[in-house]
Amino acid sequence: MKAILVRAYGGPEVLAMGEVPEPPAPGPGEVLVAVKAAGVNPVDVYLHTGQYTRKIALPYTPGSDAAGVVEAAGHGVFLKPGERVYVNATGIYAQKVLVPASRAWRLPDALSFEQGAAIGVPYATAHRALFHCGEARRGETVLIHGASGGVGTAAVQLAKAAGLTVVGTAGGPEGVAFLESLGVDRALDHRAPGYLDGVEPDLIVEMLANQNLAEDLRVAKLRGRIVLIGSRGPIAIDPRVTMTKDLTVKGMSLFNVSEPERAAIHADLAKGFASGALKPLIAARFPLADAAKAHAAVMAPGARGKIVLLP
Ligand code: NAP
């Protein structure tokens, strides 16, 4: 079958289409899924640079999110052949993947395969950041700093559904217009000087902490919480600000989620998909062979939801 292979660490050019053996028949607790769409996440890019905190041995097939159809299910698996599923696992940029059944969930009828490929990392991350790490409560104001991307759009929908007032940021007037179309209560341009003046959130979920953490500390309310989802380098801050306002700054990684927590997150997401409150947004589609172009695109400004690959 066809799959993307990374044979050396480097930039997007290291993503090349290759021929690999089909996965074996599923063993107990496993499912074999025919991939119809795969999600592109920034972490997939960090990993092939070889500079990330986690390293994958070469050669490997990248990708962590997909949606598709169950081809075969091992003993004890609740899913049946022919069922539509979304998965969050490893080695996803391929025509077929073998995954633990605990990392596969039924894809709601209302969602396309492309939308299913946008759930695993983005929605679970946004859910964990808002509710588990950030302890978001109805009636509070949340600043979603970087609301236009895969995680940000998911966070907007989750926060609105939970009764929070949502302030979102995106780049440029087009980004602001995009956020307004999502129904945020206030949309701000994170390229404009002083754009956070007058904002006083209870909770901040932060996609680019190395640029924004000092400003987040400045604007956060007394006893505010700041959850760091994304950061691409160091930043200087004055820790005293956290003391004067009793602030909580918490980092989070989806890699650290426990199995019971993951199951609870996806059960809650299923309710949001069923009610229509959660609808993954697709920004762009690329053929699987153009994975390198998709990886360049996900790192470029102007995010509008999720980029997907079509095998
Ligand atoms: P994405 O789809 O590429 O979106 C990137 C987001 O960052 C866009 O909304 C972009 O806005 C925004 N951004 C750009 N410049 C910004 C600035 N100065 N201030 C605030 N936001 C800015 O990526 P994603 O999938 O949503 O992921 C977002 C970040 O979270 C990435 O760094 C990713 O690695 C990280 N992440 C972490 C975890 C975890 O477990 N901790 C899980 C998933 C993702 P514009 O394009 O409109 O400028």
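In this text, all values refer to a predicted model and were calculated from it rather than measured experimentally. Numbering of ligands and ligand atoms starts at 1, following listing order. Heavy-atom basis, side chains included; hydrogens, waters and symmetry copies ignored.
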*May I ask you to identify the nearest protein heavy atom to atom 44 (C) of ligand 1, giving residue, atom name and distance to one decimal place in Å?*
V151 CG2, 3.7 Å
*On the 0 to 90° scale, with breaks at 30° and 60°, tag the H145-Y195 ring pair as parallel, tilted or perpendicular.*
perpendicular
_Tell me which pairs pass salt bridge (charged side-chain N to carboxylate O under 4.0 Å, His left out) where either residue lies in residues 193-219, with sequence neighbours left out._
D197-R218, D202-K221, E215-R218
*Of all the non-hydrogen atoms in the protein, which one sits nearest to atom 22 (C) of ligand 1, and at what distance?*
H190 CE1, 3.2 Å
*Looking only at protein heavy atoms, which one is nearest to atom 7 (O) of ligand 1, and how far off is it?*
M207 CB, 4.1 Å
_Could you identify the single nearest non-hydrogen protein atom to atom 4 (O) of ligand 1 and state the distance to 0.1 Å?_
G149 CA, 3.4 Å
*Which part of Q211 is near ligand 1, with near meaning a heavy atom under 4.0 Å away: side chain, backbone, both or neither?*
side chain
_Could you tell me if the side chain of V20 sits less than 4.5 Å from the side chain of M1, heavy atoms only?_
yes
_ligand 1-proximal atoms of F255, by part, heavy-atom distance under 4.0 Å_ = neither
*Consider every N or O of V298 and every N or O of ligand 1, then say whether any pair is closer than 3.5 Å.*
yes
*Can you pull out the closest protein heavy atom to atom 40 (O) of ligand 1? Residue, atom name and distance to 0.1 Å, please.*
L254 N, 2.7 Å
*For ligand 1, does V121 get within less than 4.0 Å through its side chain, its backbone, both, or neither, judged by non-hydrogen atoms?*
side chain
*What do we get for L208 next to ligand 1 when only non-hydrogen atoms under 4.0 Å count, side chain, backbone, both or neither?*
side chain
*Where does the angle between the aromatic ring planes of H295 and H48 fall among parallel (under 30°), tilted (30 to 60°) and perpendicular (over 60°)?*
parallel
*Starting from atom 42 (C) of ligand 1, locate the nearest protein heavy atom and write down its residue, its atom name and how far away it is, to 0.1 Å.*
T125 OG1, 3.2 Å
*Can you check whether L228 has an N/O within less than 3.5 Å of an N/O in ligand 1?*
no
*Report yes or no: does Y46 have a heavy atom closer than 4.0 Å to ligand 1?*
yes
_Quick check: A170 and ligand 1, any N/O pair under 3.5 Å apart?_
no
_G302 versus ligand 1: do any nitrogen or oxygen atoms come within less than 3.5 Å of each other?_
yes
*Considering only protein heavy atoms, which is closest to atom 8 (C) of ligand 1, and at what distance to one decimal place?*
S148 OG, 3.5 Å
*Any salt bridge (charged side-chain N to carboxylate O under 4.0 Å, His left out) pairs touching residues 86-111, not counting sequence neighbours?*
E22-K96, E71-K96, E83-R106
*Taking the side chain as C-beta and beyond, is there a heavy-atom pair between L309 and P287 under 4.5 Å?*
no
*How does N212 reach ligand 1, by side chain, by backbone, by both or by neither, if only non-hydrogen atoms under 4.0 Å count?*
side chain
_One residue to check: P42. Relative to ligand 1, which of side chain, backbone, both or neither has a non-hydrogen atom less than 4.0 Å away?_
side chain
*Would you call the rings of Y86 and W105 parallel, tilted or perpendicular, where under 30° means parallel and over 60° means perpendicular?*
parallel
_Nearest-contact summary for atom 2 (O) of ligand 1 - protein heavy atom, Å_ = G150 N, 2.9 Å
*Do any N or O atoms from the side chain of D44 and from the backbone of P62 form a donor-acceptor pair under 3.5 angstrom?*
no
*Taking the non-hydrogen atoms of P122, is any one of them nearer than 4.0 angstrom to ligand 1?*
no
*F273 ring center within less than 6.0 Å of H266 ring center*: no
*Could you name the option among V227, I229, N210, D44 that has the heavy atom nearest to atom 39 (C) of ligand 1?*
I229
_Checking contacts here: is it the side chain or the backbone of R232 that comes within 4.0 Å of ligand 1, counting heavy atoms only? Could be both or neither._
side chain
*Tell me, please, whether Y93 has K2 positioned over its six-membered ring: NZ or CZ under 6.0 Å from the ring centre and within 45 degrees of its axis?*
no
